[in-house]
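Structure first, then comments.
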Amino acid sequence: MDVLSLNGTPACLLDLRNQSVAVNNEMREVLQLENTELSFSRWILSFPQDAQKELHKVMNRLTTEGRKEMSIHVPKWNKQCKLSHLTNGQVAFTLKEMVPTGPVQRQPSIEPIDSLFPAIYMPPQNPRLPLFSNNNQPDEFKQTDLLDKFPDGLAILSQDWDVLYANSKMEEITGMSFEKNYLKKLWDLYPVDHYYYFFQHYLRAMETQETVEFEGYIEEVDRTVQVKVHPSDVGLIVFIQDVSHYKEQLQALKESEERFAILANNMKDVFWISDISFKQIHYLSPAFQSLFGMSRREALSDPLHVLEAVHPDDKKRVRSGMKLMKNQKHQVEYRLLRPNGDEQWMLTTGFPIENNGNAYVIGIHENITEKKEMDRLKEKSQQLSTITQMSAGIAHEIKNPLTAIKGFLQIGAANPELRDNYQDIILDEVNRIEAIVQDFMMLSKPKSSLQTEEVEPGDVVSYVTRLLAPEADEKNVQLIFNPKRINETIRTEPKRLNQILINLVKNAIDAVDTGGLVSIVAELTTHELTLSVSDNGPGLNAQELSKIGEPFFTTKEKGTGLGVMVTKKIVGDLNGTISYKSKKGEGTKVTVRLPR
């Protein structure tokens, strides 16, 4: 039977597969339509508002429950709507007048469609009041406000690609007012040639009736979005999430990782990250394998395997260094045994950090074998230079008194009566040679010959002051001793401590003019002994001050400069430090600090 040919009966033929509707003239007049063929969504919007929802429910039950016929009542028209599910997938729809045989009984309401978003299946009540409009909504549609609070953009497209709904988040993401574009075709909003990638996925979801996910770019708002398309009885439900910021961060992270990879892959040193206990290595840069002679996989799987490559004599020092790295920045030098038996020097620097509540130790392994060799060669070169310089100085310093001695002996041999007149001069020159030899012997004296004992610093200063008092009196130089808390003892070698103070005070006396002043200050603290000797002599300029300690540099007329070298050597033997402070015209101050 052709339902459209029923005389006098408003009838429609619904094609569910194509979402199209064909109406006869009687139905066209009832629904006030212009055409006899139209889309399903446009057809259902032609019914009174109170019938639209019921029609949707009935259509859903016909297609999902396998029912053959169902009907609903349209009170506004006082008509009965009958829907018959045909065998060819079409639905016949007819309108018939209600026969008033008694009180009008409304057909029982049908249960709502079971869905996560029930509101999205509600058809709009008025073409001028779309579902996504939050203004002046009737009470029964207030639940659409919940969708406006949904964190992602949500839109509904009909099977004819009409825009039926969009929440406020969708408007925010796309920058488009959907209220103004209600029931417009999707391609009128987004040209197919520009958004062909989107349309491909929408079509696939529509045809396969399967959920499709993809990532796209909305050119108008310069945003990257993650899109999920879910097929439904209405058409398509589209979820959009703005991932632009995430993509920017991901790109920045990727670029940062690439820069780090370039740096790590081209570093000769090894960059590493470990947990605080050194039981797990989180990262080793590629240079590790060539530097340590083992694969990164071996080291990452068993961190203790790295320690096995350390020279046996250095393992204890390395373990101690690693313990310090847990709490502070620390460096440790050690030897590494290569698989071929060679040794190479390593310098490992590490320090603790904290990230997201987790503690780590990060650091660098550096091959310092060449640096060690350069330092050794440099030290040898300095030693050779010093020996050459000192040899020349010795020859010069000894040659002068020897020349004098030889000359006066020759005069005495030629003139025996004058021999006694030159005896004192010859003896002075011999004493000078002896002093030079003693200084050199002191320089060559090994540090291992130290014989320490408990010494009272006050006794040492008093002894030196008494010893040099006659020499000071001869120049009318005033010696002042200022002790500060030196009643306790210090463990050191008394002979070398005496020699230090004697050299400092003698140099100070020699530096001042007649009537000058030399001050000695001694102070003993918990950690060290401080000895300071000051004079009010002529002082030194910056250039002269920088040369102090060099062999044979001196400002004294008959000096050799060896006394300062000897003093520095002794202070070094006692693990102390010596410093000079001087200014031209204001005198000089020498300070020695010795640990207790």
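For this chain, numbers begin at 1 and follow the sequence in order. Since we're looking at a predicted model, the values are computed, not measured.
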Counting C-beta onward and ignoring hydrogens, is there a side-chain heavy-atom pair between [X] and [Y] closer than 4.5 Å?
| X | Y | value |
| --- | --- | --- |
| L517 | V477 | no |
| I364 | V270 | no |
| L300 | F288 | no |
| L497 | L594 | yes |
| M176 | E171 | no |
| N536 | V512 | yes |
| V243 | R223 | no |
| V229 | F214 | yes |

Could you measure the distance from the [atom1] atom of [X] to the [atom2] atom of [Y]? Nearest 0.5 Å is fine.
| X | Y | atom1 | atom2 | value |
| --- | --- | --- | --- | --- |
| D314 | M346 | CG | CE | 12.0 Å |
| I276 | N327 | CD1 | CG | 7.0 Å |
| R296 | S285 | CZ | OG | 7.5 Å |
| I240 | N167 | CD1 | CG | 10.0 Å |
| F239 | Q226 | CZ | CD | 13.5 Å |
| K323 | S277 | NZ | OG | 13.0 Å |

Taking 4.0 angstrom as the limit, do [X] and [Y] come out as a salt bridge?
| X | Y | result |
| --- | --- | --- |
| K169 | D152 | no |
| K371 | D375 | yes |
| D510 | K506 | no |

(message) Does the plane of the ring in F278 sit parallel, tilted or perpendicular to the ring in W272? Use 30° and 60° as the thresholds.
(response)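 Tilted: the ring planes of F278 and W272 meet at 30° to 60°.
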(request) Could you label the plane-to-plane angle of the Y190 and Y195 rings as parallel, tilted or perpendicular, counting under 30° as parallel and over 60° as perpendicular? (result)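 Y190 vs Y195 ring planes: perpendicular.
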(message) Going by side-chain contact (heavy atoms from CB on, under 4.5 Å), name the residues that satisfy it together with F481, two or more places apart in sequence or in a different chain.
(response)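 Expected list: V461, S462, P483, I486, I520, A522.
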(message) Looking only at side-chain N and O atoms, does E298 offer a donor or acceptor that is under 3.5 Å from a partner on S295?
(response)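 Note: S295 and E298 side chains meet the donor-acceptor criterion.
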(request) Indicate whether any N or O donor in one side chain lies under 3.5 Å from an N or O acceptor in the other, for E454 and T489. (result)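 On atom types as modelled, these side chains qualify, holding a pair under 3.5 Å.
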Short question: side chain of [X], backbone of [Y] - any donor-acceptor pair under 3.5 Å?
| X | Y | answer |
| --- | --- | --- |
| S582 | G587 | yes |
| D269 | E366 | no |
| D342 | R338 | no |
| Q289 | P286 | no |
| T452 | E493 | no |
| S232 | I237 | no |

Can you confirm whether [X] is buried at [atom1], in the sense that more than 12 heavy atoms of other residues, nucleotides or ligands lie under 6.0 Å from that atom?
| X | atom1 | value |
| --- | --- | --- |
| K581 | NZ | no |
| R376 | CZ | yes |
| Y217 | OH | yes |
| K329 | NZ | no |
| E373 | CD | yes |
| E370 | CD | no |

(request) Decide salt bridge (charged side-chain N to carboxylate O under 4.0 Å, His left out) for K279 and D275; before the verdict, give the C-alpha distance in whole Å, the side-chain angles of both, and the deciding distance to 0.1 Å. (result) CA-CA 7 Å; K279 293 181 179 179; D275 68 341; over 6 Å; no
Give me the atom names and distance for the closest heavy-atom approach of [X] to [Y].
| X | Y | answer |
| --- | --- | --- |
| V332 | V318 | CG2-CA, 4.2 Å |
| I578 | K568 | CG2-CG, 3.9 Å |
| R593 | T591 | NH1-CG2, 3.6 Å |
| V221 | T174 | CG1-O, 3.2 Å |
| V225 | D242 | CG1-CA, 4.3 Å |
| A299 | L284 | CB-CD1, 3.5 Å |

(message) Does V521 form a side-chain contact (heavy atoms from CB on, under 4.5 Å) with S519? I'd like the steps, not just the answer.
(response) CA-CA 7 Å; V521 177; S519 174; 4.1 Å; yes
(request) Could you walk me through whether E213 and V227 pass side-chain contact (heavy atoms from CB on, under 4.5 Å), step by step? (result) CA-CA 6 Å; E213 295 187 28; V227 184; over 6 Å; no
(message) Apply salt bridge (charged side-chain N to carboxylate O under 4.0 Å, His left out) to residues E333 and K372 and explain how you reach the verdict.
(response) CA-CA 10 Å; E333 288 186 5; K372 278 282 189 181; 2.9 Å; yes
(request) Take T577 and V592 through the test side-chain contact (heavy atoms from CB on, under 4.5 Å) and record every step on the way to the result. (result) CA-CA 6 Å; T577 61; V592 173; over 6 Å; no
(message) Between H201 and Y197 (judged by ring centroids, cut-off 6.0 Å), do the two rings come close enough to count as a pair?
(response)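 Yes; Y197 has its ring centre under 6.0 Å from that of H201.
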(message) Can you confirm whether or not the ring centre of H365 sits under 6.0 Å from the ring centre of F292?
(response)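 Between H365 and F292, the centre distance is under 6.0 Å.
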(message) Please list all pairs meeting ring-ring contact (aromatic ring centres under 6.0 Å, His included) that have one or both residues in residues 306-355, counting only residues at least two apart or in different chains.
(response)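 Checked against ring-ring contact (aromatic ring centres under 6.0 Å, His included) - neighbours excluded - no pair reaches residues 306-355.
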(message) Show me the pairs that pass side-chain hydrogen bond (donor to acceptor under 3.5 Å, both in side chains) and involve residues 349-360, at least two apart or across chains.
(response)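 As it turns out, the side-chain hydrogen bond (donor to acceptor under 3.5 Å, both in side chains) pairs with a partner in residues 349-360, which skip direct neighbours, are Q331-T349.
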(request) Determine, step by step, whether L291 and K268 satisfy the side-chain contact (heavy atoms from CB on, under 4.5 Å) criterion, reporting the C-alpha distance in whole Å, the side-chain angles of both residues, the deciding distance to 0.1 Å, and the verdict. (result) CA-CA 8 Å; L291 202 61; K268 291 183 179 180; over 6 Å; no
